[in-house]
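Input: a single structure, listed below in structure tokens.
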Amino acid sequence: MQKSDFVKLSEYLWEVPRSFRGDMRVAARLYASEKMLEHAFRDESIEQLVNLTTLPGIQKYSIGMPDLHEGYGSPIGGVAAIDAATGIISPGMVGYDQNCGMRLLTSQLTTDDIRPKLDALATEIQKEVPSGLGRGRQLKFDIHEMDKILEEGSQHLVQKGYGEPEDIENCEEHGQMAGADASLVSEHAKRRGSDQAGTLGSGNHFLEIQKVEQIFDEETARQFGLFQNQVVIMAHTGSRGLGHQNATDYIRLMQGAMIKYGIDLPDRELACVPFQSEEGQKYFGALACGLNFAWANRQMISHFVRKAWDSILGTAGGKLSMLYDIAHNTAKLEEHEVGGKQIKLIVHRKGSTRAFPGQLVFIPGSMGTASYVLVGVESGKDTFYSTCHGAGRVMSRAAAIRNLSAPDIVRDLKEKGIIVKCWSLRGIAEEAPQAYKNIDEVIDVVHNAGISKKVARLVPLAVVKGE
Amino acid sequence: METFEILEHTGDVKIKVCGKTKEELFENAMAGMFAVLNPKSEVRNPKQRTIHIQSPDINALLVDFLSEVNYLRQVHREVYDRVEFLKFSDTELEGTLAGYEAKEFGEDIKAVTFHDLNINQNEQRIWETIIVFDV
């Protein structure tokens with residue numbers, strides 16, 4: 001594929017017309033600057049974006065976000081809205097990290113208040129929230145408890161004392177996805193997740209102590225209690241082994257079911273079945289469990305972060321309040337307008353965040369760079385109210401390890417006043433800022449294209465990484 | 001013949017695996033997976049697990065085999081460096097995994113994907129395929 005295959009719709013919106021390939025059911029759209037579009041051809045991401053248009057029941061167009069990069073099946077940064085009555089649901093598109101997502105906790109402290117204790121706090125948080133790649137948590141849930149967590153999500157944990165009622169009020173779906181049925185989740189998945197609630201995982205997952213560096217939208221910031229120089233804590237992680245196994249199980253099931261339903265796709269990894277089929281409904285119930293487990297995981301992480309916070313700062317630390325928690329790997333049943341009619345759609349967001357008008361969105365940058373708080377807007381209708389999810393990789397992990405030196409990266413960050421806590425040097429090289437797109441450019445695209453609006457820019461004071 | 005090779009992939013980890021037989025291809029794929037996982041082990045405390053897998057075709061069999069190995073190594077914290085097949089066809093395998101305890105893993109593998117997977121025999125009669133792991 002090349003740039004000439006795209007039609008420019010506006011400064012930040014490009015389209016591959018349906019006529020480009022015989023198997024396309026709709027057009028493919030990409031939100032990107034011209035420079036980003038040119039860079040997108042370096043890997044398979046555009047082809048993967050076009051592959052999404054072949055999903056049975058897809059409405060309007062497949063959508064790529066400016067953080068688009070190559071995934072497996074769907075590109076990372078992809079949206080596909082499928083007619084719930086006649087179309088499919090795709091476990092392959094949602095992928096393995098069900099409800100990988102973001103949570104932001106806010107304090108009433110400023111950077112000056114925290115600076116003397118910052119290193120101790122980062123160390124304590126690292127101790128309290130393990131990656132889970134070695135020993136799991138000491139706290140291991142039995143199958144009965146796991147079933148409760150899978151069906152009730154973070155609500156169950158808050159009832160058990162691992163949080164406060166406001167944690168539920170301020171969470172997407174109130175931390176509990178309806179329709180979750182733990183009997184649809186395998187024993188394998190439950191065993192993989194049993195000691196992982198409250199663990200970060202590896203890769204780009206992290207916890208950061210950040211400060212609010214810049215406010216773009218005073219009114220929204222005030223409404224949500226954000227102020228200049230405020231200390232906040234951001235968490236990025238998902239459903240860990242439970243979600244990974246849950247997805248593996250259903251993608252396996254779909255391989256046979258796709259043949260049964262006569263579905264033929266350009267990439268087997270996009271595994272899907274009709275949403276209304278028995279297999280589709282079972283997956284939807286199992287996915288709800290995966291989403292709930294991820295909210296429960298981030299809830300446990302909040303609990304242990306608060307424990308670290310209290311232990312280092314004492315009563316002077318005050319409270320860490322839950323601002324919001326939002327998923328960026330999901331398939332959700334939503335109502336949207338298509339052709340002048342409101343219809344029910346299964347909106348698949350893979351590395352893309354729901355952004356309903358007035359709702360907060362958190363976009364993590366790469367390690368050591370800025371993160372953003374955005375808010376959904378009415379004009380986000382064009383993307384089924386979806387926006388980006390991160391900076392997006394440009395360099396493979398292998399290339400990052402080959403070309404970048406972890407000690408240099410840590411030193412550079414230290415010079416900028418950023419503390420890094422990570423057990424693995426390889427993990428630091430893999431997640432180096434140079435391996436990612438510039439987050440500011442990505443955010444400018446979604447802001448200027450009118451699919452979400454900038455509220456605040458956050459910068460890290462300390463980074464605690466998974467392995 | 002290289003047993004496996006780590007290739008470029010922007011988002012995840014992609015490897016190319018080779019084997020003189022399909023059984024060897026499967027064993028080398030497992031070795032490639034553990035190379036990505038980067039396990040750390042202090043004492044070589046031996047461990048064994050039995051596996052039995054049935055799948056619709058050879059490509060699915062490889063994904064299901066590696067997924068099962070990934071499950072076993074995570075819940076038991078073990079590394080497997082050998083596999084002995086008692087039964088092996090395009091749709092079924094049965095065998096024993098042998099290895100040792102792992103203290104921890106330097107990397108996580110979330111899952112084994114079907115993306116770009118295509119087991120085939122090249123001109124030198126060597127079996128090969130690409131495997132993409134979600135990490």
Side-chain angles (χ1 to χ4, degrees), chain A residues 42-45 48 69-73 75-76 92 95-97 100 131-136 188-189 191-192 194-196 201-203 205 238 240-241 243-245 247-249 251-252 255-256 259 267-271 351 392-399 423-424 426-427 430 435 466-467, chain B residues 5-16 35-42 53-77 91 101-118 130-135:
Chain A
R42 76 193 179 278
D43 63 20
E44 283 182 46
S45 49
Q48 293 180 343
H69 64 272
E70 179 182 25
Y72 44 83
I76 316 295
Y96 299 95
D97 203 353
C100 187
S131 71
L133 269 63
R135 268 184 314 116
H188 263 39
R191 288 192 70 187
R192 270 182 85 177
S194 65
D195 62 351
Q196 292 197 329
S202 67
H205 293 163
R240 307 286 290 108
H244 310 161
Q245 187 66 40
T248 298
D249 294 337
I251 289 167
R252 179 171 200 242
Q255 296 299 328
I259 300 166
D267 187 338
R268 200 169 170 179
E269 188 58 33
L270 283 173
R393 287 194 80 94
V394 286
M395 193 189 284
S396 72
R397 288 175 166 84
W423 300 115
S424 148
R426 178 163 139 170
E430 282 180 357
E467 302 280 328
Chain B
E5 184 189 352
I6 295 179
L7 306 175
E8 294 300 311
H9 185 283
T10 323
D12 291 293
V13 171
K14 184 167 167 172
I15 65 170
K16 185 183 174 186
V36 173
L37 284 163
N38 188 24
K40 295 173 183 102
S41 193
E42 281 167 359
I53 293 158
Q54 285 173 301
S55 311
D57 56 64
I58 185 80
N59 287 308
L61 189 70
L62 179 59
V63 169
D64 294 343
F65 165 68
L66 294 175
S67 298
E68 184 66 10
V69 171
N70 194 37
Y71 162 75
L72 291 168
R73 70 90 201 159
Q74 191 213 303
V75 297
H76 299 296
R77 291 212 166 71
T91 55
E101 249 175 40
K103 187 167 162 270
E104 63 181 322
F105 295 93
E107 190 82 66
D108 198 10
I109 285 183
K110 292 175 186 167
V112 187
T113 80
F114 280 93
H115 185 62
D116 279 349
L117 185 81
N118 179 21
I130 299 285
I131 305 169
V132 176
F133 298 108
D134 183 0
V135 298

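Note that the structure is a prediction, hence the values are computed from the model and not measured. Below, read A as the first sequence line, B as the second, and so on, with proteins coming before strands; counting in each chain starts at 1.
Heavy-atom distances place the side chain of A:Q255, and not its backbone, under 4.5 Å from chain B. At a 4.5 Å heavy-atom cutoff, B:V63 makes no contact with chain A through either its backbone or its side chain. Residue B:L37: no heavy atom, backbone or side chain, is found under 4.5 Å from chain A. For B:V135, the parts lying near chain A are the backbone and the side chain together; criterion is any non-hydrogen pair under 4.5 Å. Both the backbone and the side chain of A:R191 come within contact range of chain B, with heavy atoms under 4.5 Å apart.
Judged purely by atom type and a 3.5 angstrom limit, B:H9 uses its side chain to pair as donor or acceptor with the backbone of A:G71.
Contact tally against chain B (heavy-atom pairs below 4.5 Å) for A:A398, A:P75, A:A399, A:A435: the top residue is A:A399. Put simply, of B:V132, B:V75, B:D134, B:L7, the one with the most heavy-atom pairs under 4.5 Å next to chain A is B:D134. Heavy-atom pairs under 4.5 Å with chain A were tallied for B:D116, B:I6, B:I109; the largest tally goes to B:D116.
Going from atom CG of A:L133 over to atom CG of B:N38 covers 10.0 Å, rounded to the nearest 0.5 Å. Between the NE2 atom in A:H188 and the CD atom in B:Q74 there is a gap of 11.0 Å [rounded to 0.5 Å]. For the atom pair NE2 of A:H69 and CG of B:D12, the computed distance is 7.0 Å after rounding to the nearest 0.5 Å. Interatomic distance, CZ of A:R252 versus CD1 of B:I53, reported as 7.0 Å (0.5 Å rounding). Note that CE of A:M395 is 9.5 Å distant from CD of B:E8, once rounded to the nearest 0.5 Å. Annotation: the span from B:E104 atom CD to A:S131 atom OG amounts to 7.0 Å, rounded to 0.5 Å.
Using a 4.5 Å heavy-atom cutoff, the side chains of A:R268 and B:N59 are in contact. Counting only heavy atoms from C-beta outward, the side chains of B:D108 and A:R240 approach each other to under 4.5 Å. For the pair A:R192/B:N70, a side-chain contact is recorded, criterion being any heavy-atom separation below 4.5 Å from C-beta on.
When all heavy atoms are compared, the tightest approach of B:V13 to A:R397 is CG2-CD, 4.5 Å. Considering every non-hydrogen atom in both B:V112 and A:Y96, the closest pair reads O-OH, 3.4 Å. Closest approach of B:R77 to A:G132, counting heavy atoms only: NH2-O, 3.8 Å.
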Practice task
For the pair A:R42 and B:T10, evaluate side-chain contact (heavy atoms from CB on, under 4.5 Å) and give the outcome as yes or no after the intermediate values.
Solution key: CA-CA 9 Å; A:R42 76 193 179 278; B:T10 323; 4.1 Å; yes
